[in-house]
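Quick notes on the structure that follows.
FYI, side chains are in, hydrogens and waters are out, and symmetry mates aren't considered; it's all heavy atoms of this structure. Atoms within a ligand are numbered from 1 in the order they appear, just like the ligands themselves. Along the sequence shown, residues carry numbers from 1.
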Amino acid sequence: MIGEEIIRCPVCNSDKLEPHSNVVDHFGHKDLFSLSICRTCETLITNPRPTEKESITYYKSNSYASHGDSQGYIFDKVYQTIQTINFSRKRAVLEKYTLHKNHLDYGCGTGSFISYLQSKGWAATGVEPDDKARSIAIERNQGGNIYPSLDQLDKHLRFSSISLFHVLEHVHQLRETMQKIISLLDDNGTLILALPNYNSLDSQYYKDYWAGLDVPRHLYHFSQTSIEQLAKSFGLNIVATHPMTFDSYYVSLLSEEYKNGSKNYLNAFMRGYKSNQAAKKTNEYSSLIYVLSK
Ligand SMILES: [Zn+2]
């Protein structure tokens, strides 16, 4: 592999990176990738990782789920129902912590959350680097504001909230992107990060088959400790965390397929349920929404 090696932790800048484990790209072509662990902040790092340019090929295999391609009638119906519930939960989080309804969704995919927010009276802007997803987002949000990168935004624009829903783990320029995003928040602005949590019970059960690892598309694998370090390094406070309770089921379903070669719905459901039950005590949900403030 060509790739690039990471010498210092992108989260905390520590050079205490140690080999951790090897993980297969189960979604793609079964290539093997190595993870390093940062001994200072606990972040797991895909290392070496594909360069930004090389990464593009790893998104092309099959249909990358976040881009919302159809996978059959029943699956689509269930997916749409869950998506609607997820959207209303996300909006509830936004409305709990923000005063004004002016949102930026960074990594907005096909723009469905933006459309949803607009239908609820919000001003919503999206940034999506993927051409195919962005063109769908633009079509869906006629006259809406969808941009390929943060640099295309009006320099004077500020947002009351910015979300990265399962996005930050994909971003090569982690610190630069975080810095740009923070500068786009108004003084009382809220930053929402939704991320997989490798300390969840479903992660511990599926180990290197855990779909939340998703190498090499996921460049970083966070725990609550690593997000605390990330927040601290940017002078942000973690105001709250919220569970994403559907993610344990979805991730378990994918993990079952990776591990056993078939979608075992019953096992997946059981693993997802157990993970959520355990997390009621530990807060180690399969995915967490972090609410951060300046
Ligand atoms: Zn670190």
- request: Please determine which of Lys30, Arg49, Arg217 meets the salt bridge (Lys or Arg N to Asp or Glu O under 4.0 Å) test together with Asp25.
  value: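 Answer after filtering Lys30, Arg49, Arg217: Arg217.
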- request: State plainly whether one hydrophobic cluster holds both Ile181 and Leu219, where clusters connect Ile, Leu, Val, Met, Phe, Trp and Tyr through side-chain heavy atoms under 4.5 angstrom apart.
  value: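 Yes; tracing contacts between hydrophobic side chains, which count when under 4.5 Å, links both residues.
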task: Check each of Leu157, Leu164, Leu150 against Leu104 using the side-chain contact (heavy atoms from CB on, under 4.5 Å) test, and report the only one that passes.
output: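 Going through the options one by one, the only one that passes is Leu150.
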- request: Keeping waters out of it, list the protein N, O or S atoms under 2.8 Å from the Zn ion (ligand 1).
  value: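 Cys9 SG, Cys12 SG, Cys38 SG, Cys41 SG, with waters left out.
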Pi-cation contact, Phe234 with Arg175 (under 6.0 Å, within 45°):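 So Arg175 does make the cation-pi contact.
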- request: Taking only Lys NZ, Arg NE, NH1 and NH2, and the carboxylate oxygens of Asp or Glu, determine whether Lys101 and Glu95 approach each other closer than 4.0 Å.
  value: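 A salt bridge is present here (some side-chain N lies under 4.0 Å from a carboxylate O).
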field: NZ/NE/NH1/NH2 to OD/OE distance under 4.0 Å, Arg158 and Asp187
entry: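 The answer is no: the pair does not qualify as a salt bridge.
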